[in-house]
Amino acid sequence: MLDLKTIRSDPDRVREAMSRRGLQNGEAAVGELLTLDEERRAAVRRGDDLRARRNEVSRVIGELKQKGEDASGLIEEMRTVGREIGELEDQVSEADRRTQTLLLNLPNCPLREVDPGGEESNRLIREWGEPVAHPFPARPHWELGEELGVLDLPRGAKVSGSGFTVLRGAGARLQRVLIDWMLDLHVQRHGYEELRVPYLVTEESLTGTGQLPKFAEDSYLTERDDLWLIPTAEVPLTNLHRDELLGADQLPLRYTAYSPCFRREAGAAGADTRGLLRVHQFDKVELVRYETPERSREALEELTAEAEEVLQELGLAYRVIRLAAGDLGFSSAMTYDLEVWAPGVEKWLEVSSCSNCLDYQARRVNVRYRPAPGERPEFVHTLNGSALALPRLMVALFETYQREDGSVEMPSVLQERLGFSELVPPSHS
RNA sequence: GGAGGGGUGGCCGAGCGGCUAAGGCACCGGUCUUGAAAACCGAGGUCGGGUGAAUGCCCGCGUGGGUUCGAGUCCCACCCCCUCCGCCA
């Protein structure tokens, strides 16, 4: 959520930011917010004055009654004042309601260095490793996985419909070991605290991170209890300190959690439907940081590097992309995407999205900190990033480390944990 | 799911519909002291938000409604916590 005070004092900056995102109705929203704000403040001022008077007179009425004197004139007068206060209160809460609606539907302002334009304007920041060129025709992961007996797509669809997958045997184990290994990496090397969190959350939590109210169609809702399935562990992790006032010495907070992620992919019908590229349920290890405003820019670089480290350790070629304003997520002010090379499908696959949300989410979830004793509380900055999303990582592993005979070598960092060094088709074993 | 109890400042805890929400603890300030503790002093101060140029004023007693000239207090709904019972991996 943007700060109403910023909109009031520098509306042009917000208008410019919205247009950089390519938002057509940003202009109108800002204008409406300014008008509402004006009206609201006038009503508040008037109401406060009347309340001050009512407090005063009510005290006098109390005194008169105590002395057994008549106060009916004052009571009659206050009846009118009370009615007027009620009307003004209605005006204020109506203005608040409309203001909230507008603010909740306005995305974050991109940072200065974020390029304008849509996906086509995304900027390549750096590359790591050489995309493998197999001396044989590289095959897609669904063929390899199916042959190896570790990926059972038809049965996933049978049990839950399209977009749901089943991993078996060594494939299931590989995924579990990857999760375990990534969590250890972030805890032991990067200083994160590991958390296990709920996968069902309230509407309020989903509103806090920005998925609601605008993107309700993208998430699963359990209607009996009005709880939502999380699309990412970012939701519980960022809502963890909702309505808290932290001490400066508590920051930064770094949390990592594994969770399954549930996404309806409402607008994506027909795209990337094969194999593991786009599914309704997938596993992910997430990183979330709470930082001071001074450090958040730098913290995004750190967090991105921490996600990259996973790919480096696995020896997978990837590139880092800085998203253009129009491609940014709703709550993000700046995002780096990590794309890993998958030679079988011949695509760069997004396996991580690392974002600095500044105080946008913090304002929604109301998480503040006191910069120094005696100073006024300020909103913290929140950051999040995948490290990493499992299915596409599995795709890259399978397709990168495949051999001509259909077997797949395991990355050396995992071999000891796995207890095996390669996946071999049943016919070859 | 059923029954009962509870939610008031940083913490504990009182609060017949009426002046400014008792009292205690803690912290801060002052006196005393070489220093500290203890003791004493103080109609004092302490949290968050809103609004205003400002001394200020307004709001906040779990949340949201309602009654009233006036609600921590009365009414309604909901949330959370504790105890017991039931169910359950």
Side-chain angles (χ1 to χ4, degrees), chain A residues 1-9 33-104 196-208 212-213 222-228 236 239-251 260 290 359-360 362-380:
Chain A
M1 195 154 64
L2 297 177
D3 186 4
L4 192 56
K5 284 181 202 140
T6 307
I7 297 175
R8 189 188 301 153
S9 62
L33 279 166
L34 289 173
T35 311
L36 275 172
D37 184 45
E38 203 51 54
E39 288 172 10
R40 196 194 81 98
R41 280 192 296 163
V44 164
R45 229 170 301 149
R46 188 90 202 293
D48 281 359
D49 288 348
L50 287 176
R51 253 191 301 269
R53 172 156 167 72
R54 182 177 71 181
N55 290 345
E56 180 79 26
V57 173
S58 287
R59 191 163 55 228
V60 174
I61 292 174
E63 284 167 13
L64 288 176
K65 286 208 156 184
Q66 208 131 33
K67 285 187 268 181
E69 294 177 22
D70 176 55
S72 54
L74 288 174
I75 287 175
E76 192 49 48
E77 187 192 341
M78 283 307 102
R79 217 190 294 274
T80 315
V81 171
R83 218 170 9 245
E84 197 172 345
I85 289 173
E87 283 164 17
L88 287 164
E89 279 173 348
D90 288 347
Q91 281 177 34
V92 171
S93 57
E94 174 62 13
D96 279 342
R97 201 187 56 75
R98 287 169 62 195
T99 301
Q100 279 301 309
T101 304
L102 285 165
L103 284 177
L104 287 174
R196 299 290 294 195
V197 294
Y199 305 146
L200 286 164
V201 298
T202 59
E203 177 182 313
E204 192 180 7
S205 291
L206 223 45
T207 304
L212 292 178
T222 66
E223 291 196 7
R224 275 185 106 77
D225 300 288
D226 272 328
L227 291 172
W228 300 73
N239 277 278
L240 200 68
H241 294 285
R242 172 140 40 90
D243 293 323
E244 289 184 31
L245 177 53
L246 308 169
D249 55 338
Q250 288 176 265
L251 296 178
Y290 297 65
D359 60 359
Y360 185 90
R363 187 167 278 115
R364 284 173 168 247
V365 294
N366 186 30
V367 177
R368 295 166 301 165
Y369 80 107
R370 200 182 296 284
E375 285 188 30
R376 289 176 68 84
E378 275 186 55
F379 288 105
V380 301

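Convention: sequence-line order gives letters A, B, ...; per-chain numbering from 1.
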> Which value, in whole Å, describes the distance between the P atoms of nucleotides B/C25 and B/G17?
Replying inline: 29 Å
> Contact class for A/Arg46 (heavy atom, under 4.0 Å): base, sugar-phosphate, or nothing?
Replying inline: nothing
> Using a cut-off of less than 4.0 Å, is there contact between a side-chain N or O of A/Arg40 and OP1 or OP2 of B/G50?
Replying inline: no
>> Of the options B/C58, B/C69, B/G52, whose atoms approach the side-chain atoms of A/Arg41 most closely?
In response: B/G52
> Can you tell me how far CG of A/Leu200 sits from OG1 of A/Thr222, rounded to the nearest 0.5 angstrom?
Replying inline: 5.5 Å
>> So for atom CD, which belongs to A/Glu378, do other residues, nucleotides or ligands contribute more than 12 heavy atoms lying within a distance under 6.0 Å?
In response: yes
>> What is the distance, to the nearest angstrom, from the CZ atom on A/Arg54 to the C1' atom on B/G18?
In response: 14 Å
> In whole angstroms, how far is the P atom of B/C59 from the CD atom of A/Glu89?
Replying inline: 9 Å
>> Please determine whether a side-chain nitrogen or oxygen atom of A/Lys65 lies at a distance below 4.0 Å from atom OP1 or OP2 of B/G17.
In response: no
> Taking the nucleotide of RNA chain B with the closest heavy atom to each, which residue, A/Ile61 or A/Pro377, is nearer the 5' end?
Replying inline: A/Pro377
>> Please report the distance separating the C1' of B/G52 from the corresponding atom of B/C57, rounded so that it comes out in whole Å.
In response: 9 Å
> Does A/Arg45 put a side-chain nitrogen or oxygen below 4.0 Å from OP1 or OP2 of B/C59?
Replying inline: no
> So which nucleotide from B/G48, B/G50, B/C69 ends up closest to the side chain of A/Arg370?
Replying inline: B/G48
>> Rounding to an integer number of angstrom, what distance separates B/C69 and B/C78 when you compare their P atoms?
In response: 28 Å
>> Between the base of B/G70 and the side chain of A/Asn55, is one N or O donor paired with an acceptor at under 3.5 angstrom?
In response: no
> Has A/Arg79 got a side-chain N or O lying under 4.0 Å from the OP1 or OP2 atom of B/G70?
Replying inline: no
>> On RNA chain B, does the nearest nucleotide to A/Val44 precede the nearest nucleotide to A/Arg53 from the 5' side, or the other way round? Give the residue.
In response: A/Val44
> OP1 or OP2 of B/G49 sitting under 4.0 Å from any side-chain N/O of A/Arg368?
Replying inline: yes
> Which of the following nucleotides, B/G70, B/G50, B/C19, is nearest to the side chain of A/Gln66?
Replying inline: B/C19
>> Using atom C1' in both nucleotides, what's the gap between B/G35 and B/G44 to the nearest angstrom?
In response: 27 Å
> NA contact type, A/Arg8, heavy-atom cut-off 4.0 Å: base, sugar-phosphate, or nothing?
Replying inline: sugar-phosphate
> Counting N and O atoms only, with roles assigned by atom type, does the side chain of A/Arg363 sit under 3.5 Å from a partner on the main chain of A/Leu2, one being a donor and the other an acceptor?
Replying inline: no
> For A/Glu244 and B/G48, what is the distance between atoms CD and P respectively, to the nearest whole Å?
Replying inline: 15 Å
> With rounding to whole Å, what would you report as the distance between B/G62 and B/G10 at their P atoms?
Replying inline: 14 Å
